[in-house]
Amino acid sequence: MTTTTTSRTAGGPSDEAPAALHSPVIDWFRTHARDLPWRRQEAGPWGVMVSEFMLQQTPVSRVLPVYEQWLARWPRPADLAAEPPGEAVRAWGRLGYPRRALRLHAAASAIAERHGGDVPQDHAKLLALPGVGEYTAAAVASFAYGQRHPVLDTNVRRVFGRAVTGVQYPPTATTAAERRLARELLPDDDPTAAAWAAATMELGALVCTARTPDCHRCPIATQCAWRLAGSPAHTGPPRRGQTYAGTDRQVRGKLLAVLREAVTPVEQAALDVVWDEPVQRARALDGLVSDGLVEPLTNGTYRLPLT
DNA sequence: AAAACGTGGTG
DNA sequence: TCACCAAGTTT
């Protein structure tokens with residue numbers, strides 16, 4: 001035997017690992033999945049897409065009521081596209097990151113214009129839509145159309161990090177190794193792959209949570225590499241929590257809150273009261289305007305964008 | 001590639 | 001209380 005004997009890539013899953021994980025996780029999902037509105041058949045691809053936009057960095061509990069109102073008001077992409085972008089921003093409410101509302105409106109317009117009003121099925125076409133990145137394209141293709149795509153969100157990354165790689169937390173940014181692993185673990189056929197995607201996400205959301213995982217209820221606890229290693233603490237760089245108080249983001253939020261509530265254009269003075277520091281206040285407002293979230297009128301007033 | 005981008009619940 | 005966390009995308 002030579003020193004160059006073939007060996008499996010370090011840290012990679014064994015050939016039989018996938019099958020051993022698929023069934024327990026998918027079976028668990030069948031009995032424990034939450035009954036969320038965007039998972040109902042009647043939600044359709046548009047409902048799935050709307051939910052995915054809203055769920056980008058925003059918890060399910062806060063998305064629920066806004067999602068219902070949104071779909072009731074704009075049941076099809078063309079319905080949203082027919083309204084001014086500012087109406088999308090207003091209906092977005094306090095979900096946060098309001099540029100998502102603008103992008104969802106722009107995506108709806110693109111769907112209405114270029115795709116005959118139907119959410120495209122092709123991953124590349126989904127990816128080309130405003131506000132749709134790698135995750136959302138895969139999620140819509142998988143959840144709405146039952147296709148086979150690696151769906152790698154924060155939940156799945158954590159589940160794979162623990163169950164397979166054996167670490168408490170995945171790296172800060174998604175790595176090529178994580179993408180490769182997600183691809184390797186993907187079941188071969190479309191329906192099973194789609195179920196796997198939804199199931200691993202749900203497992204991360206309900207059981208394999210960031211702070212205090214409930215391993216007692218985990219269907220793959222006996223196979224979890226992290227548990228088997230004694231649940232070692234995170235070793236990498238500290239996970240940065242973004243500060244918010246005093247940032248431009250906070251000021252933008254306060255300014256936009258005023259505009260959302262207003263039915264008519266708002267005077268400069270009404271915006272000035274939300275923040276006392278004039279330089280930062282002006283910078284925040286300029287930022288909102290350049291982002292297309294606020295429209296300045298020639299008479300010195302401001303409103304949510306009509307175009 | 002690092003940083004910007006909202007908001008509210010929770011341990 | 002306060003830092004962490006939540007189905008990311010864009011520049």
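Throughout, protein chains are lettered first and strands after them, A, B, ... in sequence-line order, and every chain is numbered starting at 1. Values in this document were obtained by computation on a predicted structure and should not be read as measured data.
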Need one value for A/Tyr244: base, sugar-phosphate or nothing, where a base atom within 4.0 Å counts as base even if backbone is also close, heavy atoms only.
base
Specify the residues of residues 143-154 of chain A, ordered by number, for which at least one heavy atom lies under 4.0 angstrom from an atom of DNA chain C.
A/Asp153, A/Thr154
Closest to the A/Arg103 side chain: C/dT10, B/dC5, C/dA7?
C/dT10
A/Arg283: what forms a salt bridge (Lys or Arg N to Asp or Glu O under 4.0 Å) with it, not counting sequence neighbours?
A/Asp248
Does any residue of residues 32-48 of chain A have a heavy atom under 4.0 Å from DNA chain B, and if so, which ones, in number order?
none
Select base, sugar-phosphate, or nothing to describe what A/Thr209 touches, counting heavy atoms under 4.0 Å on all strands.
nothing
Atom pairs and distances, donor-acceptor, side-chain atoms in residues 221-233 of chain A, under 3.5 Å, two or more places apart:
from, atom 1, to, atom 2, distance (Å)
A/Trp226, NE1, A/Pro232, O, 2.8

Using the test ring-ring contact (aromatic ring centres under 6.0 Å, His included), find all partners of A/Trp46 that sit at least two apart in sequence or belong to another chain.
none
Taken to the nearest whole Å, CG/A/Leu293 to P/B/dT7 is 11 Å
Does A/Thr136 make a side-chain N or O approach to OP1 or OP2 of C/dT9 shorter than 4.0 Å?
yes
Those residues at least two apart in sequence (or on a different chain) that pass side chain to side chain contact (heavy atoms under 4.5 Å, CB included) with A/Ala144 are A/Pro45, A/Val48, A/Val140
Specify the separation, in whole Å, of atom CD of A/Glu52 and atom C1' of C/dA7.
5 Å
Taking only Lys NZ, Arg NE, NH1 and NH2, and the carboxylate oxygens of Asp or Glu, determine whether A/Glu277 and A/Arg281 approach each other closer than 4.0 Å.
no
May I ask you to decide if the ring planes of A/Trp28 and A/His32 are parallel, tilted or perpendicular, using 30° and 60° as cut-offs?
parallel
Evaluate whether atom CZ of A/Arg73 has more than 12 neighbouring non-hydrogen atoms of other residues, nucleotides or ligands under 6.0 angstrom away.
yes
Figure out the CD/C1' separation between A/Gln57 and C/dT10, and round it to whole Å.
13 Å
Over how many whole Å does the gap from A/Leu95 atom CG to C/dA6 atom P extend?
17 Å
Which one of A/Thr192, A/Leu21, A/Leu203 satisfies the side-chain contact (heavy atoms from CB on, under 4.5 Å) criterion with A/Ile26?
A/Thr192
In whole angstrom, give me the gap between the P atoms of B/dG11 and C/dA7.
15 Å
For residues 230-280 of chain A, the ring-ring contact (aromatic ring centres under 6.0 Å, His included) pairs (sequence neighbours left out) are A/Tyr169-A/His234
What nucleotide, of B/dC5, B/dT7, C/dG8, holds the atom closest to the side chain of A/Arg252?
B/dC5
Residue pairs, two or more places apart or on separate chains, that pass side chain to side chain donor-acceptor pair (under 3.5 Å) and touch residues 257-267 of chain A:
none
Does A/Pro24 offer a backbone N or O that forms a donor-acceptor pair with the side chain of A/Asp27 under 3.5 Å?
no
Would you check, one step at a time, whether the test side chain to side chain contact (heavy atoms under 4.5 Å, CB included) holds for A/Val89 with A/Arg99?
CA-CA 8 Å; A/Val89 174; A/Arg99 289 191 291 193; over 6 Å; no
With heavy atoms under 4.0 Å as the rule, sort A/Arg94 into base, sugar-phosphate or nothing.
sugar-phosphate
Measure the distance from CZ on A/Arg100 to P on B/dA4 and round it to the nearest whole Å.
18 Å
Classify the nucleic acid contact of A/Gly96 as base, sugar-phosphate or nothing, counting any heavy atom under 4.0 Å across all strands shown.
base
Close N/O contacts between protein and nucleotides 9-11 of chain B (under 3.5 Å):
from, atom 1, to, atom 2, distance (Å)
B/dG11, O4', A/Arg211, NH1, 3.4

Length of the CG-P vector between A/Asp291 and B/dA4, whole Å
14 Å
When we call it a touch if two heavy atoms are under 4.0 Å apart, what does A/Glu134 touch: a base, just sugar-phosphate, or nothing?
sugar-phosphate
Does A/Ala210 reach a base, just sugar-phosphate, or nothing at all? Heavy atoms under 4.0 Å.
sugar-phosphate
Separation of A/Arg157 atom CZ from C/dA6 atom C1', in whole Å?
14 Å
Would you measure the distance from the P atom in B/dG6 across to the matching atom in C/dT11 and give it in whole Å?
14 Å
When you check the gap from the basic side-chain N to the acidic O, do A/Arg90 and A/Glu83 get nearer than 4.0 Å?
no
Atom CG of A/Leu64 to atom C1' of C/dA7: distance rounded to whole Å?
13 Å
Would you mind classifying the nucleic acid contact of A/Leu256 as base, sugar-phosphate or nothing, using non-hydrogen atoms under 4.0 angstrom?
nothing
Contacts to DNA chain C from residues 122-132 of chain A, heavy-atom cutoff under 4.0 Å, which residues?
A/Pro130, A/Gly131, A/Val132
Salt bridge (Lys or Arg N to Asp or Glu O under 4.0 Å) partners of A/Arg62, counting only residues at least two apart
none
Looking at A/Tyr169, does any N or O in its side chain come under 4.0 Å of the phosphate oxygens OP1/OP2 on C/dC5?
yes
N/O donor to acceptor pairs below 3.5 angstrom from side-chain atoms of residues 127-134 of chain A, sequence neighbours left out:
from, atom 1, to, atom 2, distance (Å)
A/Glu134, OE2, A/His123, NE2, 3.3

